[in-house]
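Comments concern the structure below.
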Number of protein chains: 2
Amino acid sequence: MATLAEVARHAGVSASTVSYVLSGKRSISEETRLRVENSIRELGYHPNAGARALASSRSHIIALMVPLRTDMYVPVMMEIAIAVATTARGFGHDVLLLTGEEGPEAVRRVAASGLADAMIVMDVELDDERVPLLRDSARPSVLIGLPGDPAGLTCVDLDFTATGALCADHLAQFGHKDVAVIGEAAAVYRRHTGFAERTLDGLRSRAREHGMRVIHRPCEGSYESTAGVLARVFEERPDTSALVVQNEAAVGPMLALLRQQGRAVPEDVSVVAICPDQVALQASVQLTSVAIPAQEMGRQAVELVMAKIEGREPAPVTLLPPRLTVRASTGPAPTAP
Amino acid sequence: MATLAEVARHAGVSASTVSYVLSGKRSISEETRLRVENSIRELGYHPNAGARALASSRSHIIALMVPLRTDMYVPVMMEIAIAVATTARGFGHDVLLLTGEEGPEAVRRVAASGLADAMIVMDVELDDERVPLLRDSARPSVLIGLPGDPAGLTCVDLDFTATGALCADHLAQFGHKDVAVIGEAAAVYRRHTGFAERTLDGLRSRAREHGMRVIHRPCEGSYESTAGVLARVFEERPDTSALVVQNEAAVGPMLALLRQQGRAVPEDVSVVAICPDQVALQASVQLTSVAIPAQEMGRQAVELVMAKIEGREPAPVTLLPPRLTVRASTGPAPTAP
DNA sequence: CTGAAAGCGCTAACAA
DNA sequence: TTGTTAGCGCTTTCAG
């Protein structure tokens, strides 16, 4: 592996000049710059990451903490992770993958060792034990998700309250009066992840304004549990004419069950899903849906964290506005028999 | 951040002693070891990653290259990635996440900069452009997947040939004569990822021995495409009594469609899936399946790569044996009408 | 606009 | 069993 010194010798300049050509931190004459760049290319030089980190105390690495749990919809996590990685590369940074397994200790370790310059934390819970550590840490961090108390933190998330409200508005327009929310797995609520509750709040309060009735049932997402939930819903509220589904795994089973029960979508029942577009498009009926902007969240998280690394102080909370795409699964409420 | 020198002073020993306590590379008296460990704890010392990497030319980082594409079943990728990360931590290593985006250049960059000590590459194609680079690279690497020519490489993968054969055996036992394979998306075959072809080969040749007829149709996995594939299958081979499904996304739609068509599983049609257990268990009929051992693959990949880092030379190809779990979706072939 | 040189914090000979 | 010390390759003052 070629070293900076070798490049310097090859180009007939000093080491510092090569360094400055690389960093652009002081002006270099066109001529020497070209000579140096040539040498770099010819020797196939890549700066040594360790040496650079040691001398500059910047590793050009961003740590990404993903949850170990698997009860959330995994493709969304993956999409965020990939967006983070590619966006970070655009800023000349790499991404270190931390699983939740180490827990809060990972935060300490990475910060203290200087392994990463900053940290992005996914799947934040309302009362997350990593949050106090992050708040006190000398290294910048950005959360994807909203903890109970975001004071002193930087967070990005989809505006789930607005998402719920948007669903309510859309269904109200079609004259629906009885709405059922097929929610996330019970464990998600028990863990108080926040987003599920916020969706529900937004939907409920807007529904009230529209004079709609709402019931909510958690759903594990398997075929069996979806069947159970659906049965209970129509038993308790036979006039239910619209379903809002927040558990992506339940989408497929639910549509299959409705078909089986002879309930046509959207003639008998309208369905709005909160899910990635891919899921909405692959379903047996193209679903009206509010998309989870996974890429956008990853991208934003990196931009916020880079801002902090560079000493700027971004807005503490960034809520991405939801977008509802009307497809084939929603329509007017059936007129009373 | 405390430095090693500070720890040394605090413990009343030399820097090298602290270093050796940390690395265990030479024997230390019980007494000094304890004193040093205490100081480390008291000062909350974590070795500086950059300095360590520079001095030892080992970053204790393993790069993991994940595909950018999203036409493979994402949860499996994620599960492998998480298994890699947690296993690596057990070896005192961290994982750097590289997306396919940079392409082969990432291999060069990471190797030359010393950012990572080794590399694990997922979703390897039969004729992968990263493979020659990896083969020539000074840094160890392990592939998850099997390229066309594994010479000079280290690879782990599920034994897909055996997987196909296993499916054939199981169905033959039940007296099935006409089998249809619902395969991966056409793009997967076009890309020559290998595993899909190997499954098919294994299944076909074993089927021949059993006197079974096999047809194979690629399937995109959406409800619509699954419907089309299924229709064509039963049109061409009305006597088809068993389905082998290799595209996880098609599982849900397929079961829904069969139910709709009045084909009972397993009375009229047996179904074997090649998919993660979670998918097999969440389906409307508990599926007889061959599991994708994602965790095991991740774990093995790390162990192989660690062996190479430590100078050992592991077996070039590790094929994990498939395991078929019998559940509710397979049974005797229906007797001719 | 460019060069010289002092570290950054740690590892690993070499010495004792 | 422990200490001394010379780098590892780069960044960044300080000089010129």
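In what follows, every chain begins at residue 1, and chains take the letters A, B, ... in the order their sequences are listed. For clarity, every value in this text was computed on a predicted model and none was experimentally measured.
When every heavy atom of B/Ser141 is checked against every heavy atom of B/Thr154, the shortest pair comes out as O-CB, 3.9 Å. When every heavy atom of B/Ala111 is checked against every heavy atom of A/Met1, the shortest pair comes out as O-SD, 4.5 Å. Taking every heavy atom of both residues into account, B/Val124 and B/Arg130 meet most closely at CA-NH2, 4.0 Å.
Between the side chains of A/His46 and B/Ser113, not a single donor N or O lies within less than 3.5 Å of an accepting N or O. No hydrogens or angles considered: a donor-acceptor pair under 3.5 Å links the side chains of A/Thr17 and A/Ser14.
Among the protein residues, B/Ile28 comes within range of the sugar-phosphate backbone only, with heavy atoms under 4.0 Å from sugar or phosphate atoms but none that close to a base. Residue contacts for A/Val13: at a heavy-atom cut-off of 4.0 Å it reaches the sugar-phosphate backbone alone, with no base atom in range. A/Ser16 comes within contact range of at least one nucleobase, with a heavy-atom separation under 4.0 Å. Note on B/Thr32: only backbone sugar-phosphate atoms sit closer than 4.0 angstrom, heavy atoms only; bases stay farther off.
Scanning residues 40-50 of chain B for heavy-atom distances under 4.0 Å to DNA chain C yields B/Tyr45, B/Pro47, B/Asn48.
Computed from coordinates, the A/His60 NE2 to D/dT11 P distance equals 8 Å when rounded to whole Å. Rounding to whole angstrom units, CG of residue B/Leu4 and P of D/dT5 are separated by 16 Å. Here D/dG9 presents its P atom at 15 Å from CZ of B/Arg58, a figure rounded to the nearest Å.
Closest-nucleotide positions on DNA chain D for B/Tyr20 and B/Ala55 were compared, and the one nearer the 5' end corresponds to B/Tyr20. A residue-by-residue look at A/Ser23 and A/Met1 shows that A/Met1 has its nearest nucleotide of DNA chain D further toward the 5' end.
Electrostatic pairing of B/Arg89 and A/Glu102 counts as a salt bridge here, judged by a charged N lying under 4.0 Å from a carboxylate O. Ion pairing of A/Glu105 with A/Arg109 is absent here, as no side-chain N (NZ or NE/NH1/NH2) approaches a carboxylate O to less than 4.0 Å.
Residue A/Ser19 places its side chain closer to D/dT11 than to any other of D/dG9, D/dT11, D/dT1. For B/Ser14, the listed nucleotide lying nearest its side chain is D/dT4; candidates were D/dT12, D/dG9, D/dT4.
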Side chain to side chain contact (heavy atoms under 4.5 Å, CB included) evaluation trace for B/Val121 with B/Leu134: CA-CA 9 Å; B/Val121 180; B/Leu134 255 22; 3.6 Å; yes
Check against side-chain hydrogen bond (donor to acceptor under 3.5 Å, both in side chains), A/Asn38 and A/Arg41: CA-CA 5 Å; A/Asn38 260 329; A/Arg41 214 167 309 114; 3.1 Å; yes
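Taking 3.5 Å as the limit, the base of D/dT1 and the side chain of B/Arg26 contain no donor-acceptor pair of atoms between them.
Interface limits on DNA chain C: the 5'-most and 3'-most nucleotides within less than 4.0 Å of chain A heavy atoms are C/dC1 to C/dG9.
Put simply, B/Ser29 has a side-chain N or O that comes within less than 4.0 Å of OP1 or OP2 on D/dT2.
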